[in-house]
Visitor: 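My questions will all concern the structure given below.
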Amino acid sequence: MDIQLPAHYYDRLFEGLQVTLQVLALAFALGIVLSVVLGVARLSPSRIARSVSLAWIEVTRGISTIVLLFWMAYALPILLGVDQPSLLLMGSIALGINMGGYGGEIVRGAIQSVPRGQTEASIALNLTETQRLRHVILPQAMRIILPPMGNLTIEILKGTALVSLISLSDLSYEGVKLRVSGRLSPDAPSDAVLFVNILVIYFVVAQIINGLFRLAEWRVNRRFEGARNGVELSPSPKVTAGAGG
Amino acid sequence: MSTDTDPVTPSPAGAHHVAPPDIRPWWLRPKTFVIAAGVVVFAAFMWRFGGGDIRFSTEHRPRPGTTFDWDYFFALVPDMLRGIWVTAQATVAGFAVALVIGLLLALGRRSRLRVVRLPVALFIEFVRSTPLLIQLYFVYYALPDWDITLGAFVTLVIGLGVHYGTYCSEAYRAGINSVPKGQWEASTALNLGPTTKWSQIIIPQAIPNVLPALGNFLIAGFKDAPLGSTIQVTGILAFATAASGRSFDAGVEPYTLIGIGFLLVSIPSAWLVRRLERRIAYERIS
Amino acid sequence: MNASAEPSDRPGPVDSPHDPVSSPAVRMRGVNKAFGDNVVLQGLDLDVAPGERVVIIGPSGSGKTTILRVIMTLERPDSGTIEVNGRHLYHEQKGGQLKPAGEKHIRSVRSDVGMVFQHFNLFPHMTALENIALAPIKAKGMGKREAHQLGMDLLDKVGLVEHANHTPGQLSGGQKQRVAIARSLATEPAVMLFDEVTSALDPELVGEVLTVLRDIAEDGTTTMMLVTHEMGFASEVADKVIMFDNGQVIEEGLPSEVLKDPQNERTQAFLGAVVKH
């Protein structure tokens, strides 16, 4: 069985892939921002911030991505009185919101996994709360965040296939269209070949995402191993001992 | 308290109150039969009532000019519940399939033979990182090329089963790996056979670690099950699409309704899974 | 330096302007702290003079670490006042009254205090030099180059220049603790708190850390409060030894008095147990 598709099929599929990647990028950007905001808010000293973020996370994790997508595409614009919503934007926002719910819990767990002594040492060094988070806690939490965040990003990639159901011409949508148009021509490839090809394209993209996250993990872990950046190592000629007085 | 429960002093025959242990093998115990009967009844029930057409029990339409008509919203509730019932059936059946497929995949992944291990690993990775939607299309549209034609509901169950089976296999694997090395070594030291080692030592200790993950997959499967509407399974999403298609501007109420219906099922379920998780963690500590 | 015995009826300035000469480096008055039912500080009064080196001893769980932790603002006292260099740590003077202080005020007073921890608490994702330079850059607004120079000088002081670009994971326990001390010195605190800084170390690594502490003590300008079980070291560097138990100071005085000739029987029992070990 020939596993390859005719060339013009690939042209169409790669056009669709561009939309898929566009949706993925937008959803990812929104998802990451939401994850950090929600993860930090879940551990905030403010009661309101804690309960709002908890409720947000529960709802966005509890609802089905596809239901959220349909609701955002078909119900929300009417409720808001928007006539022609950008489906690309709505689809990306729905996926991003979904990612933020899960990502928020990842970030929260990672922040909590940083030992308490790190916070105490930062207080003893008189860092502000923002500096603590930015320079001490989040860099260490990153090690814990990256692996599940990579998996989550692949889940979002899989989720982008759903935007085909609200008529965005992504990879899946193009695939279905090719299947329908192929039924009219006798020498069209079989459905099996078509769908296997689409699956393989998704698989390759997923593996690339996986590789990028591995790279990021490697870079973060390297920070913990030291001896890498060239700060000149000479002490000043006289020992000034800027401490103690 | 009394000397006859003292493990050191041998008790006179018949004097202790502890019931003798059940020495029947597990497949002869009453509990097994109850569970098996439940599974059979459930399967029969699904077979009979799964799928079917959408029949609307209401002729209600939204009043024109309103953005949100509460009367219409409430009139749709019974139909929504029918839809969610179908979705839930597909989820549970799919999950049962996933549990079994997951086990097979986990065993294959542990195989000593490379020709088994590597393809299984590739299969798991492939299925896990590609969209369920396209997998459903594949089963529904492509398998007939090989003369395998499945109904919509069965397709959804198989699709969910295989998709989440790969997730389950990873959970099993993690659970097995979580059993401390000393337990394996002790089994070897006691010269236990593979069957005893697995059934008595490893699996009982792995299950508590796996249960919460499986619970989460069940909920995740429930959230993916509405995809069945794309292959004409008349679940919750198909209901909403049909309802919104009945009149212009009628989409707000049904889509909002199924969103709420979803949350009413998934949030309590997630809460139950977390309780389970905490209880298990607690038992491990104490 | 009188502490627990005398109630705080001294007319001394309540919230005098910053005046390190006349006001004690640390003044605690009626400080209470309980964790649930467990009372760890019971109306504690304590004065530490500028430049003084105070060693706090006592059985484990007696709350001596909590003294350091409330001064470092890691635990908030349930009641009572703490002054550092004449400024209230947890309170602000507002309209002639003491009001609970805001975060800004606490930060400003806290800049006079530094702490070294039992488990080092170095930042594992930063090199030794970055650990030291972080606070000068971020909390004091020092330039990067200047902070790195300061860091190298301090690493030189603790004998670890060649480890500047190593992360904590690459250092031994003793080296980690010396970096942690340098990190705390970099913020130039007037009061330095040392919480059992040698307890987590292998015995053969204790000496190198004590040497560094001795150097700081000899400079004579930094006020030091140390919780330690190293009695030999205590008698060597301390100006004053405080025996602490059940949330209260039960004996205090010169090392020669408290350690060599304890009057209180709980002190005697404690020292007996420590020596036996």
Side-chain angles (χ1 to χ4, degrees), chain A residues 44-46 49 110-111 113-146 216-245, chain C residues 69 72-74 103 107 110-111 113-130 133-136 138-140 148-157 161-162 164-171 180 182-189 192-193 215-216 219-222:
Chain A
S44 156
S46 148
I111 289 177
S113 76
V114 176
R116 209 175 137 59
Q118 296 292 313
T119 306
E120 295 190 344
S122 326
I123 294 173
L125 294 173
N126 216 8
L127 301 181
T128 64
E129 220 164 309
T130 322
Q131 288 172 336
R132 238 140 67 193
L133 200 63
R134 160 86 182 73
H135 298 289
V136 177
I137 306 299
L138 281 182
Q140 295 183 58
M142 216 53 184
R143 283 181 118 178
I144 315 280
I145 289 174
L146 280 175
E217 263 171 68
W218 176 76
R219 287 191 56 128
V220 167
N221 282 334
R222 211 172 46 147
R223 300 193 70 182
F224 289 73
E225 280 144 25
R228 82 279 182 194
N229 45 10
V231 176
E232 72 278 27
L233 288 175
S234 59
S236 53
K238 56 180 174 52
V239 178
T240 48
Chain C
R69 290 174 63 85
M72 193 67 260
T73 69
L74 299 177
E103 174 66 20
R107 272 201 84 206
R110 188 163 59 199
S111 67
V113 188
M115 182 162 178
V116 182
F117 299 85
Q118 181 178 2
H119 295 288
F120 333 124
N121 296 356
L122 288 177
F123 305 132
H125 58 300
M126 298 181 186
T127 63
L129 185 60
E130 288 168 336
L134 179 70
K138 297 299 171 190
K140 303 210 122 146
H148 280 160
Q149 194 57 59
L150 169 66
M152 291 310 291
D153 292 348
L154 286 167
L155 280 170
D156 190 35
K157 184 172 173 160
V161 173
E162 66 276 20
N165 284 345
H166 289 168
T167 49
Q170 298 170 310
L171 301 175
R183 179 175 74 173
S184 183
L185 284 172
T187 61
E188 307 190 344
M192 282 189 77
L193 313 171
D215 284 348
I216 302 170
D219 276 2
T221 46
T222 309

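Sequence lines set the chain letters: A, B, ... in the order given, protein chains first and strands last, and positions in each chain run from 1. Model, not experiment: these values are computed from the prediction.
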Visitor: With chain C, which of R143(A), Q140(A), Q131(A), Q118(A) has the greatest number of heavy-atom pairs at distances under 4.5 Å?
Guide: Q118(A)
Visitor: Give me the atom names and distance for the closest heavy-atom approach of R107(C) to T128(A).
Guide: NH1-CG2, 2.7 Å
Visitor: Supply the atom-to-atom distance T130(A) OG1 to K138(C) NZ, rounded to the nearest 0.5 angstrom.
Guide: 11.5 Å
Visitor: Would you find a donor on one side and an acceptor on the other, under 3.5 Å apart, between the side chain of R110(C) and the backbone of A124(A)?
Guide: no
Visitor: How many angstroms lie between CE in M126(C) and NE2 in H135(A), if you round to the nearest 0.5 Å?
Guide: 7.5 Å
Visitor: Out of curiosity, R223(A) CZ to T127(C) OG1, how far, rounded to the nearest 0.5 Å?
Guide: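 With rounding to 0.5 Å, CZ (R223(A)) is 9.5 Å from OG1 (T127(C)).
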Visitor: Under 4.5 Å from any heavy atom of chain A, what part of F123(C) do you find: side chain, backbone, both or neither?
Guide: both
Visitor: Give a yes or no answer on whether the side chain of T167(C) reaches the backbone of F224(A) with a donor-acceptor pair at less than 3.5 Å.
Guide: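 Yes: the side chain of T167(C) pairs with the backbone of F224(A).
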Visitor: What is the distance from atom CG of N126(A) to atom CE of M115(C), rounded to the nearest 0.5 Å?
Guide: 14.0 Å
Visitor: Could you tell me which of L74(C), V113(C), T187(C) has the largest number of non-hydrogen atom pairs under 4.5 Å with chain A?
Guide: L74(C)
Visitor: Identify which part of L193(C) has an atom lying under 4.5 Å from any heavy atom of chain A, answering side chain, backbone, both or neither.
Guide: neither
Visitor: Measuring only between side-chain heavy atoms, which start at C-beta, is E120(A) closer than 4.5 Å to R69(C)?
Guide: yes
Visitor: So for R183(C), is it side chain, backbone, both, or neither that comes closer than 4.5 Å to the heavy atoms of chain A?
Guide: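 For R183(C), heavy atoms of backbone and side chain both lie under 4.5 Å from chain A.
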Visitor: Just checking M142(A): does its CE atom have more than 12 heavy atoms from other residues, nucleotides or ligands closer to it than 6.0 angstrom?
Guide: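 No - once you tally the heavy atoms of other residues, nucleotides and ligands closer than 6.0 Å, there are 12 at most.
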Visitor: Checking heavy atoms, do the side chain of S111(C), its backbone, both or neither come under 4.5 Å from chain A?
Guide: both
Visitor: Is it the case that more than 12 heavy atoms not belonging to E129(A) sit under 6.0 Å from its CD atom?
Guide: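 Counting other residues, nucleotides and ligands, CD of E129(A) stays at 12 neighbours or fewer.
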Visitor: So which of V116(C), L134(C), L155(C) has the largest heavy-atom pair count under 4.5 angstrom toward chain A?
Guide: L134(C)
Visitor: Which heavy-atom pair separates A121(A) from N121(C) by the least distance, and what is that distance?
Guide: CB-O, 3.5 Å
